[in-house]
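Below is one structure, written out as structure tokens, with a few remarks after it.
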Amino acid sequence: MIESKQIQHPQYVLIVDDQELNRDILGVILEDDYELLYAENGREALEVIREHIDDLCIVLLDLMMPVMDGFQVLEAMVADEEMRQIPVIVLTADKTAELRALKMGAADFITKPFDMHEVILARVSRIIELSEGRRLISAAEHDKLTMLYNRNFFFEYADRLYLYRPELQLDAVVMNIQQFHSVNELNGREFGDDVLRVIGNEIRAFLAETEGIACRFEADHFDIYCARQDDYAALLQRFQRKVDELSPNVDIHLRMGVKLWQEGVGPVLLFDRARTACNMVRGDYQSPLLIYNEDMRMRDLLNQRLLNDLRTAVDERQFVVYYQPKYNVQCNPPRLSSAEALIRWKHPELGMLPPGDFIPLFEGNGLISIVDSYVWAEAAAQVARWREKLGFTLPVSVNLSRADVFDQTLTGRLVKLMEDNSLRFGDIKLEVTESAYTENSRALLDVIARLREIGFEIEMDDFGSGYSSLNMLSAMPIDVLKMDMKFVRNIEHNPTDLRLVSLILDIAKYLRLHVVAEGVETEGQLALLRDAGCELVQGYYFSRPLPPEEFETLILQEIKREKETGT
Ligand code: C2E
Ligand code: CA
Ligand code: CA
């Protein structure tokens, strides 16, 4: 391509330098491959550029010159729609000038004094090649709040650094603020802006000391493309300190994900991975820094695969629903009261996948609704089947995700499901995780309240894992509290946990809420809970989640027991 073009029109290179010797040296290096034009200062250069605007393929530009210097030339070129398309290589001996020129739109540098003729020739030809048919970087565009680059400009720029300055070997650093929306909500937007500004300032201070560029990617997300640092934890500390100084009384936590430079990995992928690492920090205030590693890469690949496989899995019915019993332990012997439907994925190649492997992934992108609807349909059909076959109606709880609740069609679909299977509303209970409530969104509360009015029983799942305070409970549309497993885990050994459990049970009783204790594994835990007044228990002590065929045995035992005791 390039060769045939050379035959058609000559490729012009403009050499701008006030020193005759420099012009001569470059001339000798380039004369065999290009048509050469010369200028002694900036003003002359601009005249030549205008004259040759159609066939000039590169400008080699000295920065320090009389009459009009290289920076002014760059400025004039960037401001001009046509001239901006012509790549510029800056000739300089000064590193800070280099960076400034690059920021102004230069494509590359050749350092003085000139040596290594092949290198110079190669760089010139590569940049000409790369600029062919390729939009050139426009004048820097800044984010007004932080004065960092904006996202588009940043990635355009990062691409060029990656292509033209591979020797820099830059790392991708992604930083953001934990729960920034609550910071804004609690302290006002203006305060939020101040925080972002402080971070922006410190990033710029950092970049004055090290090679690199940065942008505000969006909201509270910052991307930094910078030379390898010895200690990223220290870097994060540095930003955290600035934020702490700004607001000694407000707890604001930064987190950071890093993907180290890797041969052949361009900025887009590099930042994707840094972002993955950063997202994995979420909520973990203990170790707010993560450096992307092989495990995460495998995880990324697996996630990609699972996303691709979801459709087929639904079509081929690879999802299976297990059932875990809940027992009423205030009866003696304990009585089977209901069950929870828990999904598994029988993947044809990856084997049986637990929900932890795919539920969070699908929750992150809304696909969870597909999975959940599948489980609800399956669970409702199962309750109906057991009723037909065994003459026993066992209520089953299903899990709802945040995304489900915000789906306009939710109520209609659930009602239809009940009708299709001739079930009463009480036969299917809905578990909504506590963290969905803590957002305290009016819309969410309204939907749930409506479902409850219709007759569905609502269980608040994982209670105590989030932030909802006990006194908020009275205003929530719920019937049952499912106490998070962490409370139960240590009650045998930790008196504080036992006291907490008792407190929760007392308040629940006062609010007329039923309580399910989850994760009960031992006889000892069961005894303590029963004595403290807990009514319902779910856990391995009674049974692991079971496939429907095995669960039937539990139902048959229950039927037998009822016959014997007459209850
Ligand atoms: P969850 O809703 O809190 O469900 C309880 C989890 O605790 C289940 O894990 C259950 O197997 C486990 N578990 C029960 N008893 C014990 C015990 O005694 N000890 C221990 N260590 N664990 C116990 P599983 O089945 O792996 O499900 C994990 C989570 O995945 C569920 O937590 C739920 O958040 C989610 N999930 C499961 N199925 C669905 C679904 O159909 N839709 C949605 N949206 N989420 C689901
Ligand atoms: Ca649950
Ligand atoms: Ca739970």
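Note that the structure is a prediction, hence the values are computed from the model and not measured. Just so you know, these numbers use all the heavy atoms, side chains as well, and skip hydrogens, waters and symmetry mates. We count ligands from 1, going down the list as the structure has it; atoms in each ligand are counted the same way.
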May I ask you to check whether Thr433 brings an N, O or S atom to under 3.0 Å from the Ca ion (ligand 2)?
no
Spacing of His221 atom NE2 and Ile177 atom CD1 [to the nearest 0.5 Å]:
9.0 Å
In Asp462, the N/O/S atom nearest the Ca ion (ligand 3) carries the name OD1
Would you confirm whether Asp479, through its side chain, and Ile458, through its main-chain N or O, come within 3.5 Å as a donor-acceptor pair?
yes
Has Glu245 got more than 12 heavy atoms of other residues, nucleotides or ligands less than 6.0 Å from its CD?
yes
More than 12 heavy atoms from other groups under 6.0 Å of CE on Met352
yes
CZ of Arg450: more than 12 outside heavy atoms within 6.0 angstrom?
no
State yes or no: are the ring centers of Phe154 and Phe271 separated by less than 6.0 Å?
yes
Counting backbone and side-chain atoms alike, does Glu518 have an N/O/S atom under 3.0 Å from the Ca ion (ligand 2)?
no
Would you check if the Ca ion (ligand 2) lies under 3.0 Å from any N, O or S atom of Glu431?
yes
What does the 4.0 Å heavy-atom contact list look like for ligand 1?
Gln324, Glu340, Leu342, Ile343, Arg344, Pro355, Ile359, Ile368, Asp372, Val375, Asn399, Ser401, Asp461, Asp462, Met485, Glu518, Gly519, Val520, Glu521, Gly539, Tyr540, Pro545
Restricting to N, O or S atoms, which atom of Asp461 is closest to the Ca ion (ligand 2)?
OD2
Does atom CZ of Arg424 have more than 12 heavy-atom neighbours, drawn from other residues, nucleotides or ligands, at distances under 6.0 Å?
no
State which residues pass side-chain hydrogen bond (donor to acceptor under 3.5 Å, both in side chains) with Asp357; sequence neighbours excluded, sorted by chain then number.
none
In Glu340, the N/O/S atom nearest the Ca ion (ligand 2) carries the name OE2
Angle between ring planes, Phe362 versus Trp345, binned at 30° and 60°: parallel, tilted or perpendicular?
tilted
